[in-house]
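This chain uses plain numbering: 1 for the first residue, then up along the sequence. When reading the values below, keep in mind they use all heavy atoms of this one structure, side chains included, and skip hydrogens, waters and symmetry mates.
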Amino acid sequence: ALRELTPDVPIIAEEAVAAGRVPEVHDRFWLVDPLDGTKEFISRNGEFTVNIALIQDGAPLLGVVYAPAIGRLFAGLDGETAYVEDAGGRRPIRCRAAPAEGITVVASRSHGDAAALDAFLGTRKVASLKNAGSSLKRCLVAAGEADLYPRLGRTMEWDIAAGHAVLAAAGGRVTDVAGAPLRYGKPGFENPHFVAMGAGA
């Protein structure tokens, strides 16, 4: 469907790359992960997603994160808006200001490193810690259900680009741990450690 919609835009997909099919990318390309959260899928907890992002000049222009088992779809367009669509209909989402009682941190359900997370959080005032799978972590920050998601482990660009687009459209950002904006189209498509955060985290 993406090839029919945009025949001149290359598609970088996890399974295709694993099979050695890596098209040349320039200023615009799609990043697709048809099953993000394999461990979540296997454990049947519903927290796996389909991720589709359009990258423009190294940044996510738009993204869609769909969690079919729980019926939630998140989408965002740079400079426009982010929204969630579920049983309650479609409504806009926005990052929240950090609560006075402390931030909510979201961590990976299947790839956590508690010691590294504690060291990263340092003296931040943390009210609660949530665990979630796949790209839902960035979407929870975008929806104002959490404030900070540090990922101190290996990820690939197709794992995070769609959630990054949703979060950016909702007023948040994704940076490396030094604070530089996360970019896409890197050789090998591997990400550094990164932090996804809402407006006040």
Side-chain angles (χ1 to χ4, degrees), residues 2 11-15 17-18 29-55 59-78 81-86 90 93-95 104-112 117 129-176 181-186 189-198 201:
L2 290 176
I11 300 170
I12 304 296
E14 180 178 12
E15 284 73 10
V17 171
F29 61 96
W30 293 101
L31 277 170
V32 177
D33 189 350
L35 178 58
D36 183 36
T38 307
K39 290 184 178 179
E40 274 50 71
F41 180 79
I42 291 168
S43 69
R44 297 178 178 269
N45 67 16
E47 294 182 349
F48 61 92
T49 59
V50 178
N51 301 343
I52 302 172
L54 181 62
I55 306 301
L61 177 64
L62 66 87
V64 176
V65 175
Y66 178 48
I70 59 175
R72 287 189 101 184
L73 181 142
F74 296 87
L77 176 62
D78 183 48
T81 188
Y83 68 85
V84 62
E85 188 172 301
D86 56 21
R90 180 184 292 191
I93 54 175
R94 193 85 186 148
C95 296
T104 295
V105 176
V106 64
S108 176
R109 185 178 303 286
S110 301
H111 303 281
L117 179 61
L129 176 68
K130 288 184 178 182
N131 289 303
S134 67
S135 283
L136 292 173
K137 296 178 286 293
R138 282 167 299 285
C139 295
L140 292 176
V141 177
E145 297 174 33
D147 305 290
L148 184 71
Y149 165 47
R151 177 55 190 250
L152 309 173
R154 185 175 187 265
T155 59
M156 304 301 287
E157 291 186 4
W158 46 76
D159 294 323
I160 72 164
H164 183 169
V166 173
L167 179 56
R173 59 196 174 106
V174 180
T175 69
D176 65 21
L182 205 64
R183 307 294 292 172
Y184 296 87
K186 302 179 290 297
F189 304 103
E190 188 167 352
N191 297 313
H193 295 179
F194 67 84
V195 185
M197 64 199 88

On a heavy-atom basis, the closest approach of K130 and E145 is NZ-O, 2.9 Å
For residues A53 and A162, report the shortest heavy-atom separation together with the two atoms involved. CB-N, 3.5 Å
Per side chain to side chain contact (heavy atoms under 4.5 Å, CB included), W158 is matched among V32, I52, I12 by I12
Are the side chains of V106 and L136 in contact, using a 4.5 Å heavy-atom criterion? no
Give, for atom CZ of R151 and atom CG of D159, the distance between the pair rounded to the nearest 0.5 Å. 7.5 Å
To the closest 0.5 Å, what do you measure between CZ (F29) and CG (L2)? 13.5 Å
Verify, without hydrogens or angle tests, whether K137 (side chain) and A196 (backbone) share a donor-acceptor contact under 3.5 angstrom. no
Which heavy atom of L62 sits nearest to which heavy atom of A165, and what is that distance? C-CB, 3.5 Å
Can you tell me how far apart CG (D78) and NE2 (H164) are? Round to the nearest 0.5 Å. 9.0 Å
NZ or CZ of K186 within 45° of Y184 ring axis and under 6.0 Å: yes
Would you call the rings of Y149 and F194 parallel, tilted or perpendicular, taking 30° and 60° as the class edges? perpendicular
I need the T155 OG1 to D33 CG distance, nearest 0.5 Å. 11.0 Å
CG on L61 to CG on L54, rounded to 0.5 Å: 5.0 Å
Checking E157 side chain against G185 main chain: does a donor-acceptor pair fall under 3.5 Å? yes
Would you check if the side chain of N51 reaches a backbone N or O of V65 as a donor-acceptor pair within less than 3.5 Å? no
Over all heavy atoms of both residues, which pair between G76 and V166 is shortest? Give the atoms and the distance, please. N-CG2, 3.8 Å
Given I93, L140, V174, I160, the one that forms side chain to side chain contact (heavy atoms under 4.5 Å, CB included) with L167: V174
Report yes if the side chains of T175 and M197 come closer than 4.5 Å at any heavy-atom pair, otherwise no. yes
On a heavy-atom basis, the closest approach of V141 and L148 is CG2-N, 4.0 Å
Does any non-hydrogen side-chain atom of V84 lie less than 4.5 Å from one of R72? yes
Excluding sequence neighbours, so at least two apart, what forms ring-ring contact (aromatic ring centres under 6.0 Å, His included) with Y66? none
Taking all heavy atoms of F74 and all of A143, pick out the closest pair and write down the distance. CE2-CB, 4.4 Å
